[in-house]
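Note that the structure is a prediction, hence the values are computed from the model and not measured. Naming convention: chains lettered A, B, ... in sequence-line order (proteins, then strands); numbering from 1 in each chain.
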Amino acid sequence: MDSIKAIRGMVDILPETSFLWQHVEAAARRVLAGYGYQEIRLPVMESTGLFARSIGEVTDIVEKEMYTFEDRNGDSISLRPEGTAGCVRAVVQHNLAITPRRLWYMGPMFRYERPQKGRQRQFHQLGVEAFGVASPDQDAEILLLCQRLWQALGVADDLKLELNSIGNTASRDRFRSELVKYLQQYRGDIDEDSQRRLETNPLRILDSKHSRTQEIVDSGPRLLDFLDDESRADFERLQDLLSTSGVAFELNPKLVRGLDYYNKTVFEWTTTALGAQGTVCGGGRYDGLVRQFGGKDVPAAGFGLGLERLILLMQAQGEQKEPAAEIYVVTSDESAYRHALPRVEALRSAFPRLRIVQHLGGGSFKSQFKRADKSGAALALVFGDTECSNNTVTLKPLRGGDQRSIDDAGLSDAVAEQFEIESEEVF
RNA sequence: GUGGCUGUAGCUCACCAGGUAGAGCACCGGAUUGUGACUCCGGAGGUAGCGGGUUCAAGACCCGUCAGCCACCCCA
C-alpha cells in the first residue's frame, strides 16, 4: 500500500509557517476592527446553484473548477470557490442589509485547478463585504483598509493598485456589443481562447495575454468611453478620494475581473514578485447581487484577498522565523522537577505572555542545556539539588552574561527585570 | 485542461559507458560524573516517489502513474 499523502493541491501549513499566518490574521483582525468591520462565519459548502447564479454560468470557476457533488439526499452542493456568494446569501437570509453593514470572513476556498506556486486547490481568503452604501466613499474605505494592512505587514511597496470602472449593466452591455462587433472583423487573427470568449464572455478578451490579440484590442472601442454618467462621476470621485488620502493607484482600462456580479468599480492589488500568480487581492462593487438573491436593492462592495499569496510575498522579502521562547527550565531529577513545577506555574501566572518551556523527559544537565541552547531561549532557569535544598533558583543567561542564584522569592522580580516587562497576574 | 522541467537520507545536493548509494547541515551519544554554543571522536538514518519494462545487472535507459515547479489558462 502506498504511503498516504495529502491530495493534490491541498497543503499542510506547518509550524514553521503557521506563526506567520497567525501574525497576518491578527493584523487583519486589528485593521478590520479599526474600521468597524465585524466577522461573519460562513459554511464552506452551499447549494451549487448559489454559485452558478452569482459568479456566472459561463465562468471557468463554475464551468470546470468547482468541487461539486451530490448530498445524500440528492441535492447538488459545492465547496465554495469564493466567499461573496455565501456572504450575500447569509445577508439576505438573515436580513442583515437593513442598515449599513460592514462584514469580513476568513477561511478556506476550493477550486479544482492545476496547482502552481500561489495557486492551490484549497486556499484561504480574507473576504470583506460592505453593504448599503452606493457612493464611492465606501469603495475608498475598503481600499484604504487594504493599504493599511499592507503597511502593517510591510508589503506596501510590493503591491500596486490597479483600478477601473466597468459601469452599470446598460453601459457595459452597449460596450460589449460594440466590442464584439469590432472583434468579429478580426475573428481569424485573435487567439483561440479569445475566439471562444467572443461567444461566452467577450469582456475577458480585453486582458488577453496574446500580443496579437492585445494589439487588436488596443485599437478597438474603449470601455471608458461607454461609461454612464453616474459611473463616470463616481469613478472620478473615487480617484479624488484616493489621491487625497494617499493611496497610489494606476488606471487599467482593461481590468474587467472574471466574476459576473461586478459593476462600476473594480480593482486588483498586484505584485510582480510572485510570478504568474500576481493578484494578491481583487474586488469591486456588486450593486445588483443582493437583489438578485431576493433581497432588497442594496448596493455593496468588497474584495477577496489571497492569504497564501500575501504570505508568499512576505516570505519573498526574506526568511521569517518565529521568535524563540523566552525561558527554558532545567531540573536535575524527579524531586527537583516536583520542586520546580509549582514555582514555574506561578511564573506563568504572573507573566502570561512569556513563553516558558519546561524540559521534559529527564536526562543529564548537559543534555538539558543542549536543548535549552537549541531552543533559542534567552534564559535558563536551573533547579538542581542545591537550589532545591535552600529554596533558590539559578538564572543562566544563554546569550551571554554570568549566571547567578537568587532566592525563590526574588524570581518574579528578576524575570521582570530581565525581560523588561511587568507582572500581569492574569490567570 | 495543454506544454515543459524535476522527484536520491529530516533539509540542500552529489556520484554513476547501467554493476545493488555518498557529502554538508540537522539528529543521537561520548570527550572524569551540576552547565549549552566552538572543537574532537563515534553513531543512527535511504527497498533512490510509486508501478511495470529492457538487461546477466537500473536510482541511473524506456513506458505508465503520482506529486512539485514553470508557462498557458484562470484567478486569490
Side-chain angles (χ1 to χ4, degrees), chain A residues 1-11 14 16 55 59-66 80-84 106-128 146 159 191-194 196-197 201 204 207-210 255-259 266 268-271 274-283 302-313 328 330-333 336 359 363-389 394-400 402-403 405:
Chain A
M1 178 131 164
D2 289 347
S3 61
I4 298 176
K5 290 196 222 161
I7 59 184
R8 177 125 95 146
M10 312 275 171
V11 311
L14 304 176
E16 61 192 45
I55 297 167
T59 56
D60 279 15
I61 293 177
V62 169
E63 275 183 334
K64 48 193 192 195
E65 295 176 2
M66 286 212 293
R80 61 182 185 190
E82 58 101 45
T84 302
M106 234 185 300
M109 306 291 165
F110 304 85
R111 258 124 95 159
Y112 191 91
E113 292 185 277
R114 189 131 165 193
Q116 207 175 308
K117 191 198 298 187
R119 189 216 259 174
Q120 298 161 192
R121 291 184 174 179
Q122 176 177 338
F123 61 102
H124 298 79
Q125 276 190 354
L126 164 65
V128 170
C146 285
L159 287 165
D191 63 278
E192 220 172 287
D193 285 318
S194 294
R196 186 173 44 81
R197 291 203 201 98
N201 198 348
R204 296 306 317 284
D207 58 8
S208 164
K209 284 180 191 168
H210 288 259
L255 180 65
V256 290
R257 310 275 310 144
L259 286 57
V266 292
E268 286 185 3
W269 292 90
T270 59
T271 177
L274 260 37
Q277 260 56 52
T279 304
V280 171
C281 175
F303 62 80
L305 155 51
L307 265 6
E308 278 81 1
R309 290 182 186 178
L310 183 55
I311 284 165
L312 245 22
L313 195 52
Y328 196 95
V330 161
T331 55
S332 58
D333 56 17
H359 179 88
S364 65
F365 260 133
K366 190 185 192 63
S367 63
Q368 293 194 45
F369 277 107
K370 272 188 179 175
R371 292 253 182 238
D373 182 51
K374 249 171 272 169
S375 79
L379 181 70
L381 249 41
V382 187
F383 292 90
D385 295 340
T386 325
E387 285 85 349
C388 293
S389 51
T394 298
L395 308 190
K396 180 184 171 67
L398 294 168
R399 320 248 249 101
D402 294 327
Q403 70 179 49
S405 295

| query | Pick the nucleotide of RNA chain B nearest each of A:S367 and A:L307; which residue has the one closer to the 5' end? | reply | A:S367

| Mapping A:S364 and A:Q125 onto RNA chain B by nearest heavy atom, which one lands closer to the 5' end? | A:S364

How many whole angstroms separate atom [atom1] of [X] from atom [atom2] of [N]?
| X | N | atom1 | atom2 | result |
| --- | --- | --- | --- | --- |
| A:E16 | B:A26 | CD | P | 16 Å |
| A:L305 | B:A76 | CG | P | 11 Å |
| A:R309 | B:A76 | CZ | P | 8 Å |
| A:Y112 | B:C73 | OH | C1' | 15 Å |
| A:E65 | B:A76 | CD | P | 10 Å |
| A:H359 | B:U35 | NE2 | P | 14 Å |
| A:E113 | B:A76 | CD | C1' | 9 Å |
| A:K64 | B:U2 | NZ | C1' | 11 Å |

Spacing of the [atom1] atoms in [M] and [N] (rounded, Å):
| N | M | atom1 | result |
| --- | --- | --- | --- |
| B:C11 | B:C56 | P | 37 Å |
| B:G51 | B:G43 | C1' | 35 Å |
| B:A76 | B:C62 | C1' | 41 Å |
| B:A44 | B:G30 | P | 16 Å |
| B:A57 | B:U65 | C1' | 25 Å |
| B:A31 | B:A48 | P | 37 Å |
| B:G49 | B:C40 | P | 33 Å |
| B:C13 | B:G7 | C1' | 13 Å |

Which donor-acceptor pairs under 3.5 Å do the side chains of residues 109-117 of chain A make with protein atoms, sequence neighbours left out?
{"unit_1": "A:R111", "atom_1": "NH1", "unit_2": "A:P81", "atom_2": "O", "d": "2.5"}
{"unit_1": "A:Q116", "atom_1": "NE2", "unit_2": "A:Q277", "atom_2": "OE1", "d": "3.0"}

Name the nucleic acid region contacted by [X], choosing base, sugar-phosphate or nothing; use a 4.0 angstrom heavy-atom cut-off, strictly under.
| X | answer |
| --- | --- |
| A:T279 | base |
| A:R371 | sugar-phosphate |
| A:E192 | nothing |
| A:V382 | base |

| note | Applying salt bridge (charged side-chain N to carboxylate O under 4.0 Å, His left out) to A:D207 and not counting sequence neighbours gives A:R204

| request: With sequence neighbours left out, write down each residue that passes salt bridge (charged side-chain N to carboxylate O under 4.0 Å, His left out) with A:D60, or none if nothing qualifies. | output: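 In terms of salt bridge (charged side-chain N to carboxylate O under 4.0 Å, His left out), with neighbours along the sequence ignored, A:D60 is linked to A:K64.
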
| said: So A:L313 and A:L274, do their side chains get closer than 4.5 Å, heavy atoms only? | reply: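 Sidechains of A:L313 and A:L274: in contact.
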
| Non-hydrogen side-chain atoms of A:L126 and A:L307 separated by less than 4.5 Å |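 A:L126 reaches A:L307 side chain to side chain.
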
| Hey, does the side chain of A:K366 come within less than 4.0 Å of B:G30's phosphate (OP1/OP2), counting only N and O? |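 False: A:K366 side-chain N/O out of range (4.0 Å or more) of B:G30 OP1/OP2.
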
Side chain to side chain contact (heavy atoms under 4.5 Å, CB included) partners for [X], two or more places apart:
| X | value |
| --- | --- |
| A:A377 | A:Y328, A:S375, A:L398 |
| A:T279 | A:E268, A:T270, A:R309 |
| A:T394 | A:V382, A:E387, A:Q403, A:S405 |
| A:I7 | A:M10 |

| query | For RNA chain B, what is the dot-bracket line, given that a base pair needs Watson-Crick (N1 to N3, plus N6-O4 or O6-N4) or G-U wobble (N1-O2 and O6-N3) geometry with both distances under 3.5 Å, and | means paired with another strand? | reply | (((((((..((((........)))).(((((.......))))).....(((((.......))))))))))))....

| message | Looking at B:U35 and A:F365: do their rings stack (centroid distance under 5.5 Å, interplanar angle under 30°)? | response |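 Ring-base stacking flag not set for A:F365 and B:U35.
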
| task | Just jot down the ring pair (Phe, Tyr, Trp, His ring centres under 6.0 Å) partners of A:F369, sequence neighbours excluded, or say none. | result | A:F365

| field | Protein-to-nucleotide contact annotation, 5' to 3' order, nucleotides 66-72 of chain B [B base; S sugar-phosphate only; - none; under 4.0 Å, heavy atom] | value | -SSSSBB

Output a table of nitrogen or oxygen pairs between the protein and nucleotides 37-46 of chain B separated by less than 3.5 Å.
{"unit_1": "B:A37", "atom_1": "O4'", "unit_2": "A:D373", "atom_2": "OD2", "d": "3.0"}

Atom pair [atom1]/[atom2] of [X] and [Y] - distance to nearest 0.5 Å:
| X | Y | atom1 | atom2 | result |
| --- | --- | --- | --- | --- |
| A:D193 | A:N201 | CG | CG | 12.0 Å |
| A:C146 | A:F303 | SG | CZ | 3.5 Å |
| A:E82 | A:I61 | CD | CD1 | 6.5 Å |

| message | Is it the case that B:U35 (base atoms only) and A:Q403 (side chain only) share a donor and an acceptor within less than 3.5 Å, ignoring hydrogens and angles? | response |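 In this structure, the two groups form a donor-acceptor pair.
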
| field | Selection residues 369-383 of chain A - residue pairs positive for salt bridge (charged side-chain N to carboxylate O under 4.0 Å, His left out), sequence neighbours left out | value |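 Every pair satisfying salt bridge (charged side-chain N to carboxylate O under 4.0 Å, His left out) with a residue in residues 369-383 of chain A: there are none.
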
